[in-house]
Peer 1: 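Right, I'll just put the structure down here and ask away after.
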Amino acid sequence: MQRKALGKGLSALIPDKPAVVKEVENRGIRNIPVDQILPNPHQPRKNFDPEAMADLERSIRKRGVIQPILVREGKHGFELIAGERRWRAAKQAGIMAIPAILQDVSDQDSLEIALIENLQREDLNPLDSAEAYERLIKEFHLTQEEISLQVGKQRPTITNILRLLSLPPELKAYVKQDKLTMGHAKAILSLGKKPQQISLGREIIRKGLSVRQAEQMAQKINAGLRETAPSARKKEIHLSAVEDELKRSLGTKVQILDRKEKGKIVIEYYSKTERERLISMLRGSVQT
């Protein structure tokens, strides 16, 4: 069942222009003690860049919090909906109270707003973005087109980011640690098998390869696979012919199971009499 995008969008809840704290009474903004505010448990951003946070803290020390955060009343105080970076930086700066807009929203809308507010920022880790998109799709039944409209990104961009979720766990961790970029991940995902993806990912990090170099390496790997494919097919055709020959000679079903130069030949029988017949034939051929 398709669900409508969130209300009127974030613009209905978060002011486009900085709010002036002096207008608290007229704009529905209030100053709330920072120690009475709790973080949003559904925050999609897992890491806060220390350098960026330090810059924001310095700005707040000098000018204060210009744009209010968005909160709702919770069981143990006020719960953040949007603006966690400002709240954290204000705490670090020693600010006692922060301007906030109080909204009465459901758990679902609180989570959706938090996800979308973060996705609209350019500095969110691409894997965090992918996980947030997945939550919007699975939990809120939004389509990729609806997400595109909410966060202001092209639909193909969203599709490509969602593909990150198919990376092996080891490579996901590298993306979260900013050791692999979105471009590197796209090159890795062009390889069809997980072991090849992991190998390329490790090589990119070990050698410090650029995105272009990673793409070239992925192309070489894929080209090598295409070159070896015909010989593999020839081998399969040859074994199939041998199977047919053995079936005719032994008068029963025969399978050759080949796995990288190892394997087994399976000869089937369906009665004790047939088993003895096949053993006699095999012994005769060995003695010959």
Side-chain angles (χ1 to χ4, degrees), residues 39-58 84-85 88-89 92 114-139 144 147-148 151-232 259-262:
N40 189 331
H42 306 296
Q43 167 66 253
R45 185 186 296 273
K46 304 299 188 298
N47 299 304
F48 294 84
D49 180 71
E51 188 175 341
M53 289 298 296
D55 289 342
L56 183 56
E57 179 188 342
R58 284 191 290 270
E84 185 162 340
R85 291 176 71 254
R88 286 174 177 264
Q92 292 172 7
L115 291 173
I116 295 174
E117 192 258 351
N118 273 279
L119 286 167
Q120 287 179 337
R121 300 184 184 277
E122 294 299 324
D123 62 341
L124 191 64
N125 182 279
L127 195 61
D128 287 340
S129 294
E131 291 170 349
Y133 290 146
E134 185 180 43
R135 292 191 71 179
L136 289 172
I137 291 168
K138 289 186 175 179
E139 295 181 32
Q144 289 188 26
I147 295 172
S148 172
V151 302
K153 295 184 185 295
Q154 296 292 322
R155 183 175 176 179
T157 300
I158 292 169
T159 301
N160 284 329
I161 291 176
L162 281 166
R163 289 185 65 212
L164 294 176
L165 298 175
S166 64
L167 284 170
E170 178 183 334
L171 301 188
K172 286 182 182 178
Y174 292 148
V175 174
K176 285 215 172 196
Q177 296 163 13
D178 294 322
K179 292 181 179 180
L180 293 174
T181 67
M182 181 71 188
H184 287 134
K186 287 177 67 176
I188 291 167
L189 286 167
S190 69
L191 301 176
K193 296 183 178 179
K194 301 295 183 185
Q196 294 166 346
Q197 292 176 354
I198 293 171
S199 177
L200 178 56
R202 290 174 178 173
E203 191 78 353
I204 290 169
I205 294 170
R206 188 174 68 84
K207 293 184 176 180
L209 300 180
S210 67
V211 171
R212 181 58 186 151
Q213 289 171 323
E215 291 171 343
Q216 290 172 340
M217 186 169 285
Q219 289 170 359
K220 287 181 180 178
I221 293 170
N222 280 324
L225 291 173
R226 285 193 293 271
E227 288 174 5
T228 57
S231 61
R259 297 288 184 274
K260 294 181 179 179
E261 299 183 0
K262 294 182 179 181

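Starting from 1, each residue takes its place in the sequence as its number. Treat the numbers as computed from the prediction; the structure is a model and nothing was measured.
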Peer 1: How many angstroms lie between atom CG of Leu189 and atom CG of Leu167, to the nearest 0.5 angstrom?
Peer 2: 4.5 Å
Peer 1: I'd like to know if the side chain of Glu139 and the backbone of Leu136 have a donor-acceptor N/O pair within less than 3.5 Å.
Peer 2: no
Peer 1: Evaluate side-chain contact (heavy atoms from CB on, under 4.5 Å) for Leu180 paired with Ile188, printing each intermediate quantity in order.
Peer 2: CA-CA 10 Å; Leu180 293 174; Ile188 291 167; 3.9 Å; yes
Peer 1: Are the charged groups of Glu57 and Arg88 less than 4.0 angstrom apart, N to O?
Peer 2: no
Peer 1: Would you say the side-chain atoms of His184 pair up with the backbone N or O of Leu209, donor to acceptor, closer than 3.5 Å?
Peer 2: yes
Peer 1: Between atom CG of Leu200 and atom CG of Leu191, what is the distance when rounded to the nearest 0.5 Å?
Peer 2: 5.5 Å
Peer 1: Taking the side chain as every heavy atom from C-beta outward, state whether Leu164 and Lys172 have any atom pair closer than 4.5 Å.
Peer 2: no
Peer 1: Measure from the side-chain N and O atoms of Asn125 to the backbone N and O of Asp178, and report whether any donor-acceptor pair falls under 3.5 Å.
Peer 2: no
Peer 1: Any chance you could measure Ile204, atom CD1, to Gln213, atom CD, to the nearest 0.5 Å?
Peer 2: 10.0 Å
Peer 1: Once side-chain contact (heavy atoms from CB on, under 4.5 Å) is applied, do any residues pair with Gln144, and if so which ones, sequence neighbours excluded?
Peer 2: Ile137, Arg155, Ile158, Thr159, Leu162
Peer 1: In the structure I gave you, are the side-chain heavy atoms of Lys153 and Ser148 within less than 4.5 Å of one another anywhere?
Peer 2: no
Peer 1: Backbone N or O of Asp128 within a donor-acceptor pair of the Lys176 side chain at under 3.5 Å?
Peer 2: no
Peer 1: First locate atom CZ of Arg85, then atom CE of Met53, and finally report the distance between them rounded to the nearest 0.5 Å.
Peer 2: 6.0 Å
Peer 1: What distance do Ser166 atom OG and Gln197 atom CD have between them, rounded to the nearest 0.5 Å?
Peer 2: 6.5 Å
Peer 1: With rounding to the nearest 0.5 Å, note down the distance linking CD1 in Ile147 to OG in Ser129.
Peer 2: 11.0 Å
Peer 1: What pairs with Glu203 under salt bridge (Lys or Arg N to Asp or Glu O under 4.0 Å), at least two apart in sequence or on another chain?
Peer 2: Arg206, Lys207
Peer 1: Got a sec, which residues hit side chain to side chain donor-acceptor pair (under 3.5 Å) with Lys179, two or more places apart in sequence or on another chain?
Peer 2: Gln177
Peer 1: Does some side-chain heavy atom of Arg202 sit less than 4.5 Å from a side-chain heavy atom of Leu171?
Peer 2: no
